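Okay, structure first, notes after.
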Amino acid sequence: MTGRVAGSGISFGRPHATRHVERAVSAAMEAARLDQVMGLFLFLTDDHLQDLEPALRAAARVSRCTQVFGCSAMGLFTDQDWTVDSSGAAALVVGNGVSMGLENEAGSGGTLISLGTPRDASVDWLNQGGARLGAIASDSSGRGPFAVWRNGRPEPAGVAACALDGVRLETVVARGVLPLTAPLEVAEANGFNLVRLGKYPALNVLINALPDSIRRMDRIPLHMLMCGVTFGDPDSAIDEGRFRLDHIVSANPDDHSVTLADELHEGQRLFWALRDRQAAEREMERVVGEALDGPEDPPDFGLMFSCLGRGPGFYGGADRDIEILREQCPGMPFAGFYGNGEIAPVADRSHLYSYTAAIGLCRRIR
């Protein structure tokens, strides 16, 4: 058996679903030089949905593999390039001792590669089976249509998962926020309104935690501020990434409360955080570096699922997440897309995150 374990390919530009698929899959196969493809991850921009079934048939024909798994997205990428707001396809082929298995098979060290649509990816689904790594399909409007597929066919249920057999998969999660406070106890909450943290009004705590450069602004940039709701031991939750991020809807000076996008309950712990480009880069470098710091061989391939709120829009025209992964894993093929939410296991449970890069580093079992 010759060739590598995996190879990636990308094609984008003027809309033509079948042609982009053929080019991306052919490039991935040429890079991998596999005798036989045993699995194909295929991500398509959402403009291809009107020609989805011909595109999937083209992928199976070119790869000579029916194990085609993926979903639609607004933007996608490989280790070579990325595209947002442009028609395209990204492909990652695997083989040479690695294969794509059924959802009920363990594989991947028990981690299921999992994709869903915003409507169909429920908490119940996340908690079924083993650990999950993946993302939610995206589009330019946020209203759909969306699609996921497996075995080379659209999945009517709107959720799909697969196992990777023959690999050890290590999950890396980069959250990309700068904590402004330690986790504080929610002393009073009324639905979506956070009234008090500890003994103090929630808005007062938020304002006091802001850096001077932001506090001096005429208006607080709420779109750059988040709250992190922790789970498990609050003392180590931030360092270990055990938190979900929640949007701030409004700051209410009349009663000094803060309105959030999700409901809170008294007794929960949260911290205020700032979305920060430099903090995101440093964390990405750190978590990937820690995953590579050991005696094991370098990963053979990777999958990365990044938030629409990260990527080139966040980093000022370049995707530093891709660049950092490429710098720290030179020559490693990987593929993924910009999603509506990222799925990753933390503390033996799978969670849906935002503004996150969720990465699977895969090493073939030799």
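Because the structure is predicted, anything quoted here is derived from the model rather than measured. What's counted below: heavy atoms across the whole structure, side chains too, no hydrogens, waters or symmetry copies.
Counting non-hydrogen atoms of neighbouring residues, nucleotides and ligands closer than 6.0 angstrom, the CZ atom of R215 exceeds 12 such neighbours. More than 12 heavy atoms of other residues, nucleotides or ligands sit less than 6.0 Å from atom CZ of R363. In this structure, R19 places its CZ atom where only 12 or fewer heavy-atom neighbours from other residues, nucleotides or ligands lie under 6.0 Å away.
Side chains of D47 and S87: a donor on one and an acceptor on the other come within 3.5 Å. Neither side chain, D239 nor S236, offers a donor N or O lying under 3.5 Å from an acceptor on the other. S250 and N252 are linked by a side-chain donor-acceptor pair at a separation below 3.5 angstrom, with hydrogens and angles left out of the test. Side chains of T356 and R175: a donor-acceptor N/O pair is present below 3.5 angstrom, by distance only.
Distance OG1/T181 to CG/L270: 7.0 Å, rounded to 0.5 Å. With rounding to the nearest 0.5 Å, the separation of CG in L76 from CZ in F337 is 9.5 Å. Taking CD1 of I136 as the reference point, atom OG of S354 lies at 12.0 Å (rounded to 0.5 Å). Here the CG-CG distance, from L169 to L164, works out to 7.0 Å after rounding to the nearest 0.5 Å. From L274, atom CG reaches atom CG of L225 across 6.0 Å, with rounding to the nearest 0.5 Å. The distance from the SG atom of C362 to the CG atom of L133 is 8.0 Å, given to the nearest 0.5 Å.
At a threshold of 4.0 Å, the pair E327-R320 counts as salt-bridged, since one of the basic side-chain nitrogens sits closer than that to a carboxylate oxygen. Taking 4.0 Å as the cut-off between side-chain N and carboxylate O, R282 and E285 do not count as a salt-bridged pair. Contact check on E290 versus R286 returns a salt bridge, with a Lys/Arg side-chain nitrogen under 4.0 Å from an Asp/Glu carboxylate oxygen. In this structure, R310 pairs ionically with D321, as a charged nitrogen and a carboxylate oxygen lie closer than 4.0 Å. Between D233 and R269 there is no salt bridge, since no side-chain N of the basic residue sits under 4.0 Å from a carboxylate O of the acidic one.
In this pair, F231 and H351 present their aromatic rings parallel. The plane angle is below 30°, not in the 30 to 60° band. Note on ring orientation: taking the six-membered ring where Trp is involved, the planes of Y355 and H247 are perpendicular (angle over 60°, cut-offs 30° and 60°).
Under a 3.5 Å cut-off, the side chain of E185 and the backbone N or O of A187 do not form any donor-acceptor pair. Of the possible donor and acceptor atoms, none in the side chain of H265 sits under 3.5 Å from a partner among the backbone N and O of A189. In this structure, the side chain of E283 engages the main chain of G176 through a donor-acceptor pair within 3.5 Å. With S99 contributing its side chain and M38 its backbone, the two residues share no donor-acceptor pair below 3.5 Å. At distances below 3.5 Å, at least one donor-acceptor pair connects side-chain atoms of W149 with backbone N or O atoms of L42. A donor-acceptor contact shorter than 3.5 Å links the side chain of R277 to the backbone of F314. Remark: side-chain polar atoms of N208 are paired, donor with acceptor, to backbone N or O of N204 under 3.5 angstrom. Using modelled atom types, one side-chain atom of D246 and one backbone atom of D262 make a donor-acceptor pair closer than 3.5 Å. Of the possible donor and acceptor atoms, none in the side chain of N151 sits under 3.5 Å from a partner among the backbone N and O of R153.
Looking at heavy atoms from C-beta onward, R168 lies in side-chain contact with E296 at the 4.5 angstrom threshold. Two residues are said to be in side-chain contact when any heavy atoms from C-beta on lie closer than 4.5 Å; F301 and V98 meet this criterion. Between H256 and Y200 the shortest side-chain heavy-atom distance does not fall below 4.5 Å. Under the 4.5 Å side-chain criterion, counting only non-hydrogen atoms from C-beta, D165 is not in contact with M100. Here the side chains of V186 and L194 are in contact, with some heavy-atom distance below 4.5 Å. A heavy-atom distance below 4.5 Å is not found between the side chains of V258 and F192.
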- Residues L44, V21; criterion side chain to side chain contact (heavy atoms under 4.5 Å, CB included); working and verdict: CA-CA 8 Å; L44 301 175; V21 168; 3.5 Å; yes
- Item | Steps toward side-chain hydrogen bond (donor to acceptor under 3.5 Å, both in side chains) verdict (R132, S114) | CA-CA 6 Å; R132 296 183 183 273; S114 304; 2.9 Å; yes
- In sequence, state the C-alpha distance, the side-chain angles, and the governing distance for N193 and S257, and then conclude on side-chain hydrogen bond (donor to acceptor under 3.5 Å, both in side chains). CA-CA 6 Å; N193 286 340; S257 68; 4.8 Å; no
- salt bridge (charged side-chain N to carboxylate O under 4.0 Å, His left out) evaluation trace for D300 with R366: CA-CA 11 Å; D300 292 289; R366 291 174 168 84; 2.8 Å; yes
- Take R275 and H223, measure what side chain to side chain contact (heavy atoms under 4.5 Å, CB included) needs, and give me the verdict at the end. CA-CA 9 Å; R275 296 198 64 221; H223 66 286; over 6 Å; no
- Task: Could you walk me through whether F43 and L92 pass the side chain to side chain contact (heavy atoms under 4.5 Å, CB included) test, one step at a time?
- Result: CA-CA 9 Å; F43 307 117; L92 181 78; over 6 Å; no
- Message: Please evaluate residues Y315 and E323 with respect to the criterion side chain to side chain contact (heavy atoms under 4.5 Å, CB included), reporting the C-alpha separation (whole Å), side-chain torsions for both, the decisive distance (0.1 Å), and the verdict.
- Response: CA-CA 11 Å; Y315 286 114; E323 292 175 357; over 6 Å; no
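Taking all atoms of both residues into account, the shortest heavy-atom contact from P345 to T171 is CD-CG2, 3.8 Å. When all heavy atoms are compared, the tightest approach of C227 to W272 is CB-CZ3, 3.5 Å. Minimum interatomic distance between S138 and N340 (heavy atoms only, all atoms of both residues): CA-ND2, 3.5 Å. G9 approaches A28 most closely through the heavy-atom pair N-CB, 3.6 Å. Counting all heavy atoms, side chain and backbone alike, Y353 lies closest to G241 at OH-O, 4.2 Å. Here the shortest heavy-atom pairing between S63 and V37 reads O-CB, 3.7 Å.
Taking a 4.5 Å side-chain heavy-atom cut-off between Ile, Leu, Val, Met, Phe, Trp and Tyr, the cluster of L325 extends to M74, F77, W82, V84, V172, M284, V287, V288, L292, M304, L308, I322, I324, M332, F334, Y338, I359, L361.
Clustering ILVMFWY residues whenever any of their side-chain heavy atoms sit less than 4.5 angstrom apart, transitively, puts F271 in a cluster other than the one holding I214. L210 and L197 fall within a single hydrophobic cluster, where Ile, Leu, Val, Met, Phe, Trp and Tyr are joined by side-chain heavy atoms under 4.5 Å apart, directly or via other members. Under the 4.5 Å side-chain heavy-atom criterion for ILVMFWY residues, no single connected hydrophobic cluster contains both L184 and I238. Both L303 and V167 are part of a single hydrophobic cluster, where members link through side-chain heavy atoms under 4.5 Å apart. Taking hydrophobic clusters as Ile, Leu, Val, Met, Phe, Trp and Tyr residues chained together by side-chain heavy-atom distances below 4.5 Å, L264 shares a cluster with L203.
Residue pairs that meet the salt bridge (charged side-chain N to carboxylate O under 4.0 Å, His left out) test with at least one member in residues 194-209, sequence neighbours left out, are E188-R196.
When the side chain to side chain contact (heavy atoms under 4.5 Å, CB included) test is applied to R57, the partners found at least two apart in sequence or on another chain are E53, P54.
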